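Some notes on the structure that comes next.
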Amino acid sequence: MPELPEVETIRRGLEKEIINKIISEVQVKTPILIKRPQVDEFIARLKNVTIVATNRRGKYIIIYFDTKEYLVIHLGMSGRLLYQPEKDIFLENSKDIEKHNHIFILFKDGSKIIYNDIRKFGKIWLLEEKEQLHRINSLGFEPLDPSFSIDALQKLLKNNNKNIKSFLMNQKNITGIGNIYANEILFQSGVHPCRKANSLKKDEIKRIYLNIRDILSKAINSGGTTMIDESYLDLNGNKGEYGKSLMVYGKKADICPVCGIPLEVIKIDNRSTFICTNCQK
DNA sequence: AAAGTAACCTGCCCGC
DNA sequence: TGCGGGCAGGTTACTT
């Protein structure tokens with residue numbers, strides 16, 4: 001589910017709501033989600049710590065504590081973080097939602113963060129200051145960071161013989177792009193997703209580069225993409241508005257918004273890929 | 001060694 | 001009405 005814009009929206013929510021809060025207690029209903037350390041230790045080490053900062057790397061959320069320890073959270077396909085300012089908030093469909101509440105982080109002021117995840121593909125680690133995760137160290141460029149330049153992209157592409165969509169979705173190249181935004185970036189760049197990365201011309205690379213930054217930025221500004229099923233919600237339970245700006249993703253049996261011919265759906269790496277064969281060459 | 005496939009889970013939608 | 005198949009924003013581990 002959540003790609004960079006959704007994860008960044010959630011991180012901003014955390015920055016706004018939980019900085020300086022003190023954890024009074026952590027409850028874990030689904031231990032399998034905690035990857036490190038063991039659950040008992042996880043709970044014990046989080047007691048009485050203060051939240052001092054948040055960060056994001058690709059699709060990973062990072063929460064730092066005054067103890068110098070830090071929490072790493074990946075939401076998988078259906079993970080959510082939900083903030084509740086106090087007890088007994090009324091939620092629509094609360095039974096369906098509550099069924100998938102797995103972890104509760106309670107704060108001394110009575111507010112809490114709930115980790116909710118229908119499919120349980122998410123993962124959480126609590127790490128010491130000197131501990132690092134290989135999976136984060138091996139991530140590629142942060143696409144909105146100044147270090148991600150057009151030259152950097154060009155170099156990566158030159159040495160890559162995969163198709164451009166697989167390239168964009170490989171987190172070791174650029175991190176944070178998933179299926180929605182890969183589709184949108186390639187459509188708006190006029191590049192067919194099956195094109196080999198090392199075959200792209202300079203003007204195509206430039207368009208892809210600009211669209212990566214433009215689309216991800218706009219999606220963040222819209223609070224991410226909530227599809228009809230509403231599986232993505234931000235920290236405060238709000239939907240993201242970028243779905244209204246999607247041009248091809250999810251538009252099965254629809255027409256190209258630019259030229260009007262029927263869109264096609266193909267599979268790349270077993271993921272649905274929406275294309276206009278007239279606009280994307 | 002690259003490329004394809006299965007696995008991890010739950011829920012929804014469709015066709016029969 | 002029910003059952004099976006396919007699908008879903010992700011990533012890793014195993015197989016050819």
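Predicted, not measured: the structure shown is a model, and the values here were computed from it. These numbers come from the heavy atoms of this one structure, side chains and all, not from hydrogens, waters or symmetry mates.
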Which one, C:dG9, C:dT12, C:dA8, comes nearest to the side chain of A:Arg119?
C:dA8
For [N] and [X] - does any side-chain N or O of the residue sit under 4.0 Å from the phosphate oxygens OP1/OP2?
X        : N      : result
A:His74  : C:dG10 : no
A:Gln171 : C:dG10 : no
A:Arg271 : C:dG9  : yes
A:Tyr249 : C:dG9  : yes
A:Ser272 : C:dA8  : yes
A:Lys59  : C:dG9  : no

Is there ring stacking between A:Phe121 and C:dG10, where the centres must be under 5.5 angstrom apart and the planes under 30 degrees?
yes
If I take atom [atom1] in residue [X] and atom [atom2] in nucleotide [N], what distance separates them, rounded to the nearest angstrom?
X        : N      : atom1 : atom2 : value
A:His134 : C:dT12 : NE2   : P     : 10 Å
A:Lys123 : C:dG10 : NZ    : P     : 13 Å
A:Met169 : C:dA8  : CE    : C1'   : 12 Å
A:Asn270 : C:dT12 : CG    : P     : 17 Å
A:Ile61  : C:dG9  : CD1   : P     : 19 Å
A:Ile180 : C:dA8  : CD1   : C1'   : 10 Å
A:Glu230 : C:dA8  : CD    : P     : 19 Å
A:Asp269 : C:dT11 : CG    : C1'   : 12 Å

Considering all heavy atoms, the nearest A:Leu4-A:Lys59 contact
N-CG, 4.3 Å
Nearest heavy atoms of A:Glu142 and A:Phe148, plus distance in Å
O-CB, 3.6 Å
Does the A:Gln171 side chain pair with the main chain of A:Met169, one donor and one acceptor, at a distance under 3.5 Å?
yes
Treating A:Asp234 as the side-chain partner and A:Ile10 as the backbone partner, does any N or O pair qualify as donor plus acceptor under 3.5 Å?
no
Note every stem involving DNA chain B: at least three consecutive Watson-Crick or G-U wobble pairs, i with j then i+1 with j-1, with both distances under 3.5 Å.
B:2-8 with C:10-16, B:10-16 with C:2-8
Report which part of the nucleic acid A:Lys162 touches: base, sugar-phosphate, or nothing (heavy-atom distance under 4.0 Å, all strands).
sugar-phosphate
Using atom C1' in both nucleotides, what's the gap between C:dG6 and B:dA6 to the nearest angstrom?
16 Å
Rounding to the closest angstrom, what is the interatomic distance between B:dG11 and C:dT11 at atom P?
22 Å
For A:Tyr64, the ring-ring contact (aromatic ring centres under 6.0 Å, His included) test, sequence neighbours excluded, returns A:Tyr70
Residue mapping more 5' on DNA chain C - nearest nucleotide basis, A:Asn179 or A:Lys172:
A:Asn179
If the plane angle is over 60° it's perpendicular, under 30° parallel, otherwise tilted; pick one for A:Phe274 and A:Tyr249.
perpendicular
Its 5'-most and 3'-most nucleotides having an atom under 4.0 Å from a non-hydrogen atom of chain A, DNA chain B is contacted over B:dA3 to B:dG11
